[in-house]
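Both backbone and side-chain heavy atoms feed into the values below; hydrogens, waters and symmetry mates do not. Position 1 is the first residue of the sequence, and the numbers go up from there.
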Amino acid sequence: MAELVDKQMEETEDDPIMPDEVDSSEGSFQQNISISSLMLMDGGSHEMNPSCSYKSSSYRSLENCVKFPDHIKQKEDMEIQDVVRQYALCFLPAKSLSRFKTVSKEWLSWINCPFFVHTQTNRFRHISGLFCQFPGESPSFISLNPVAYGVPNPTLCFLPEPVDVRTSCNGLLGCQSRLGDNAYYICNPVTEGWRMVPKPILYHGPETAIALAFEPDILNFEAQYELICAVTLPDQAALQFEIYSSRTNSWRVSNDVCLELDALPLNGDGFYTRGFVYWETESGTVLVFDLKEEVYGIVSLPPSRKPTGALTDMRGELCYLLPHKEDDAWSIEVYGNMDMSLRCIIPLHSEFLGHLVDGECRALAFVNDDTLIITLGKKVIAYHVRAHRMERLSDARTDGFVKYIPYVNSFAPVGHFMHDAA
């Protein structure tokens, strides 16, 4: 018994832990340390340290085992480039991020990793430009800032066939083949990822109007979006809504059938915002579709509407932009609320427009809470409302109706079915 006590005393003297740190209620001292939860998400790789167990006789190796790994930076050791990489890059557009890949191998791995792609898709939502397409021609891209925003192939030549750009939402484009099969494609022109949508259940004739709904979810890494199609039934004054879901990679037909003549025919494709899809009709109304409940409604447009007006999302609210000229001054009348009453008038100051004041004005969209996109004469213009500042973006086509579709420059994914139907 005395020999056992002497042995325990020798072990205690070798132990670097002070006696008052030992729980006196325990007959013997044993400490287990697990570092299995220490992980690094950097450059798309996940690295885990092995779990280690320590008893009092092995305490001399404790310092080496729990030493913070060299490739993991603690907050106090982070430099400015580490802070920028981890906390600021996700708020930048895709074109800028593509250039930043050349900063270092570490930045290249970080920007390419799925976690960062997911974060950037959720953080960056600014309209970066407009896809423009003249009937029968390839699409092009008009950037609001060519230094920051852009796509590698604006003609979408990476798709297997020529397409018409028809709708856009949070970085994804909805396109349709110009060939005989009229197949639908969902793509991201930045990553050149794409998905061919399965053949729909109903017959989609030339009168079919579509809209893409995509709301990135910070809690869901899967790309979940829907393509909503307002389909005119053959030989009937009625509309049915057919919806493609990326979650199931299949179509479904809504039970709600629109029989109101005020909703027919539709004046081109619509857009999605905050759970609702909006299509302008040729009869002076707006067809509204509640995507969650899958029911429709009708909203009237202003009686003074013109072909040069535009239905748009303005600071989270459905609005109608109508150009108006009085004497030598242009202004944009903004109509809103459910009754589409006049909300405000945005003057386009002639001193900033110069000789363009004599041209025809067409409203395109209101973007990023401050900027009107219009065509004036032969120019596409971004007019910054608060600063009363005008930027010439591009030359405008005047020999026919051109589609201008707002676009977000992000890394939004198209999902796991990429290229599966090609």
Side-chain angles (χ1 to χ4, degrees), residues 89-102 107-108 111-112 114 116-178 184-197 210-212 214 216 223 225 227 246 269 271-272 364-365 367-368 371 373 380 382 391-397 402-415 418-419 422:
L89 288 186
C90 61
F91 293 95
L92 298 181
K95 181 178 180 179
S96 297
L97 292 169
S98 296
R99 291 201 305 270
F100 287 146
K101 290 180 180 181
T102 62
W107 280 41
L108 172 64
I111 294 172
N112 284 338
F116 177 82
V117 169
H118 175 71
T119 304
Q120 192 267 350
T121 302
N122 282 271
R123 293 287 186 262
F124 187 82
R125 301 288 188 92
H126 282 212
I127 298 297
S128 311
L130 302 99
F131 268 89
C132 168
Q133 189 167 18
F134 187 78
E137 298 184 4
S138 299
S140 59
F141 182 67
I142 301 175
S143 176
L144 296 184
N145 184 343
V147 175
Y149 310 133
V151 295
N153 291 298
T155 61
L156 308 184
C157 58
F158 58 88
L159 292 175
E161 55 185 326
V163 297
D164 290 323
V165 179
R166 299 192 56 181
T167 180
S168 174
C169 191
N170 287 323
L172 298 182
L173 296 181
C175 308
Q176 188 172 25
S177 169
R178 297 209 301 262
Y184 292 114
Y185 291 90
I186 308 298
C187 71
N188 184 329
V190 170
T191 64
E192 299 188 353
W194 56 272
R195 175 190 292 194
M196 185 176 182
V197 176
I210 71 175
L212 181 64
F214 173 49
Y225 48 84
L227 185 67
S246 66
D269 296 314
F271 65 93
Y272 167 87
L364 300 180
V367 301
N368 302 336
T371 306
I373 308 296
V380 179
E391 286 184 78
R392 174 185 169 275
L393 302 178
S394 174
D395 293 333
R397 295 283 294 266
V402 186
K403 291 189 295 185
Y404 295 92
I405 301 175
Y407 166 75
V408 176
N409 199 206
S410 83
F411 287 129
V414 295
M418 187 186 309
H419 300 191

**OP:** Using modelled atom types only, decide if a donor and an acceptor are shared between the side chain of Ser168 and the backbone of Pro406 within a distance under 3.5 Å.
**Re:** yes
Original post:
Judged by atom type as modelled, is there a donor-acceptor pair below 3.5 Å linking the side chain of Asn368 to the main-chain atoms of Ile127?
Top reply: yes
**OP:** Examine distances only and state if a side-chain atom of Lys403 and a backbone atom of Phe134 form a donor-acceptor pair shorter than 3.5 Å.
**Re:** no
Subject >> Heavy-atom closest contact (Leu92 atom, Leu97 atom, distance) >> reply: O-CD1, 3.5 Å
**OP:** Calculate, to the nearest 0.5 Å, the distance between atoms CZ and OG belonging to Arg195 and Ser246 respectively.
**Re:** 5.5 Å
Subject >> Ala412: partners by side-chain contact (heavy atoms from CB on, under 4.5 Å), with sequence neighbours left out >> reply: Thr121, Leu172, Asn188, Phe214, Ser410
**OP:** Check whether the side chains of Glu161 and Tyr185 place a donor and an acceptor atom closer than 3.5 Å, and report yes or no.
**Re:** yes
**OP:** Taking Ser394 for its side chain and Ile142 for its backbone only, find out whether a donor-acceptor pair lies under 3.5 Å.
**Re:** no
Original post:
Do the side chain of Arg123 and the main chain of Phe91 share a donor and acceptor less than 3.5 angstrom apart?
Top reply: no
Subject >> Rounded distance (nearest 0.5 Å) linking atom CD1 of Ile405 with atom SG of Cys132 >> reply: 9.5 Å
**OP:** Decide yes or no on side-chain contact (heavy atoms from CB on, under 4.5 Å) for Leu156 and Trp194, but give the supporting numbers first.
**Re:** CA-CA 10 Å; Leu156 308 184; Trp194 56 272; over 6 Å; no
Original post:
Can you tell if the side chain of Val367 reaches within under 4.5 Å of the side chain of Ile373, non-hydrogen atoms only?
Top reply: yes
**OP:** Could you tell me whether the side chain of Thr167 and the main chain of Leu173 form a donor-acceptor pair under 3.5 Å?
**Re:** no
Subject >> Under 3.5 Å: donor-acceptor pair, side chain of Asp164, backbone of Gln176 >> reply: no
**OP:** Check the pair Ser128, Ser143 against side-chain contact (heavy atoms from CB on, under 4.5 Å), reporting the backbone distance first and the verdict last.
**Re:** CA-CA 6 Å; Ser128 311; Ser143 176; over 6 Å; no
Subject >> side-chain contact (heavy atoms from CB on, under 4.5 Å) between Asn122 and Thr119, worked out >> reply: CA-CA 5 Å; Asn122 282 271; Thr119 304; 5.9 Å; no
Original post:
Under 3.5 Å, is there a donor-acceptor pair between the side chain of Tyr225 and the main chain of Ile186?
Top reply: no
Original post:
Would you say Thr102's side chain and Arg99's backbone share a donor-acceptor pair under 3.5 angstrom?
Top reply: yes
Show me the side-chain donor-acceptor pairs of residues 145-152 shorter than 3.5 Å, one per line, residues at least two apart or across chains.
from	atom 1	to	atom 2	distance (Å)
Asn145	OD1	Val147	N	3.1

Subject >> Side-chain heavy atoms of Phe131 within contact of Pro189, under 4.5 Å >> reply: yes
**OP:** With sequence neighbours excluded, give me every salt bridge (Lys or Arg N to Asp or Glu O under 4.0 Å) pair touching residues 137-156.
**Re:** Glu137-Arg397
Original post:
What do the steps show when you test Glu192 against Asn153 for side-chain contact (heavy atoms from CB on, under 4.5 Å), and what is the final call?
Top reply: CA-CA 8 Å; Glu192 299 188 353; Asn153 291 298; 2.3 Å; yes
Original post:
Quick one: does Phe100's side chain get under 4.5 Å of Leu108's, heavy atoms only?
Top reply: no
Original post:
Looking at CG of Leu212 and OH of Tyr184, how far apart are the two atoms once the value is rounded to the nearest 0.5 Å?
Top reply: 12.0 Å
Original post:
Any donor-acceptor pair under 3.5 Å linking the side chain of Gln133 with the backbone of Tyr404?
Top reply: no
Original post:
Is the gap between the ring centers of Tyr407 and Phe141 under 6.0 Å?
Top reply: yes
